[in-house]
Each structure stands twice: as structure tokens, then as C-alpha cells.
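The next block holds one structure in the form of C-alpha cells; read it before the comments.
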Amino acid sequence: MNYSQNSENFFQLVYQVCREIPKGRATSYGTIAKYLGSGRSSRMVGWAMNNSHQQNPPVPAHRVVNRNGQLTGKIHFAHPKEMEILLKKEGIEVNHDKIVNFKTVFWDPIIELDIEI
DNA sequence: CGATTGACACCAA
DNA sequence: ATTGGTGCCAATC
């Protein structure tokens, strides 16, 4: 089923997946998009994140970075430092707005998760 | 209503 | 390895 046609569910799925990200791990926009069925609509995931601040419960958007492990979305937080702080707090090493050993902390919902969609 | 803009990713040169 | 162009789809201008 391709939920990219259903933006409401698509957004909700994005939020759901984000909340399932284990502490101390991170994933990428594109991976989530692929997991939801629209592999190249990673921008929609980003847009969903933009709206994630008004979601309840809150979405741990700091665990979602781009494919390079770069904290591109930190500027959308209340305080840009917060994203890096939160990640470090969870044991993720961050250096120059980039996750260290991203390959190690990378969390792939396609493999690790199995939400029925 | 058409054009532009993204918290991205992939491909070609 | 780097750079530039293209695809994706919703929101905003």
C-alpha cells in the first residue's frame, strides 16, 4: 500500500516511525520515506517534521537526520543547539553538526521495525 | 492558478 | 571525489 497518496496517514506514519527510533540511534529522511513506500519523497518527511512540533506526543525529530548524518534540521528547533545536545545526551557523538559513526548509530526501520502499513 | 521553496536523495558528467 | 541537475509532493508566495 502506498500511503504517499494519503498525506494525512503519511504524516502520521512518519511521526509513528520517529517515535519508534530507539534511544541513541538515528535514521534518515529518505529511509523513512522508502519505508513508507515513496522512496524519493524524502522532502515530504522533512515537511512532516516541520509540522512535528505541534504533534502530541512530541516527535523526537532530533533522531532524524539526512543521509550523511548531518544535522541539517537543527535550525528548526527552538534552539539550534538543542538537537546536538539531545543527541549527545543519548550517547550519539556529534561533531561539526554531523553524527560521528553514523553508520553505527543508523537505525533502519525497514530492518529493525515492522509496523503494519 | 502558476511559480517557488524546502529538515532530501539519486544520477550523470 | 565534487558538482550540478532532476525527481518527489505539499505548502507558501
Side-chain angles (χ1 to χ4, degrees):
Chain A
M1 187 69 85
N2 186 354
Y3 273 81
S4 64
Q5 299 176 349
N6 192 330
S7 60
E8 294 183 37
N9 281 342
F10 182 78
F11 275 50
Q12 294 306 316
L13 262 317
V14 172
Y15 302 142
Q16 184 176 349
V17 173
C18 290
R19 296 192 194 100
E20 296 298 328
I21 300 175
K23 184 180 179 182
R25 299 288 213 95
T27 190
S28 70
Y29 305 94
T31 303
I32 294 174
K34 182 185 284 185
Y35 177 70
L36 297 181
S38 22
R40 289 177 180 167
S41 52
S42 47
R43 295 188 129 149
M44 295 306 93
V45 178
W47 195 252
M49 290 292 103
N50 192 25
N51 201 34
S52 67
H53 293 290
Q54 60 183 334
Q55 293 302 316
N56 193 346
V59 177
H62 60 280
R63 294 183 189 145
V64 183
V65 296
N66 71 357
R67 168 188 185 315
N68 301 310
Q70 194 168 6
L71 278 53
T72 53
K74 69 174 197 171
I75 58 178
H76 291 275
F77 283 74
H79 300 295
K81 298 178 183 175
E82 187 151 319
M83 187 170 185
E84 183 175 335
I85 292 174
L86 287 171
L87 289 173
K88 286 183 176 179
K89 210 171 179 181
E90 298 184 353
I92 297 178
E93 298 180 55
V94 179
N95 201 311
H96 297 297
D97 296 343
K98 197 171 57 182
I99 294 180
V100 181
N101 297 327
F102 181 58
K103 183 176 61 178
T104 303
V105 299
F106 182 70
W107 177 82
D108 192 342
I110 300 174
I111 300 176
E112 315 261 1
L113 193 60
D114 191 21
I115 295 177
E116 199 64 37
I117 60 176

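Chain A is the first sequence line, chain B the second, and so forth, proteins listed ahead of strands; every chain is numbered from 1.
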Rounded distance in Å between the C1' positions of B/dT4 and C/dT6
16 Å
Among residues at least two apart in sequence or on other chains, which ones pass salt bridge (Lys or Arg N to Asp or Glu O under 4.0 Å) with A/D97?
A/K74
Residue pair A/P60 / A/I21, side-chain heavy-atom distance below 4.5 Å:
no
With ILVMFWY side chains joined below 4.5 Å, transitively, what does A/I99's cluster contain besides itself?
A/V65, A/L71, A/F77, A/M83, A/L87, A/I92, A/V94, A/F102, A/V105, A/F106
Residues passing the salt bridge (Lys or Arg N to Asp or Glu O under 4.0 Å) test with A/K98, sequence neighbours excluded, are none
Stem ranges of DNA chain C by first residue number, counting only runs of at least 3 Watson-Crick or G-U pairs under 3.5 Å, come to B:2-6 with C:9-13, B:8-13 with C:2-7
Would you say A/Y15's side chain and A/N56's backbone share a donor-acceptor pair under 3.5 angstrom?
no
Qualifying residues under side chain to side chain contact (heavy atoms under 4.5 Å, CB included), relative to A/K23, sequence neighbours excluded:
A/R63, A/E90
Measure the SG-NE2 distance between A/C18 and A/H62 for me, rounded to the nearest 0.5 Å.
10.5 Å
Do nucleotides 5-10 of chain B as a string where each nucleotide becomes B, S or -: B if the base has a protein heavy atom under 4.0 Å, S if just the sugar-phosphate does, - if no protein is that close.
-BBBSS
Mind checking whether A/T31 and A/K34 have side chains closer than 4.5 Å, heavy atoms only?
no
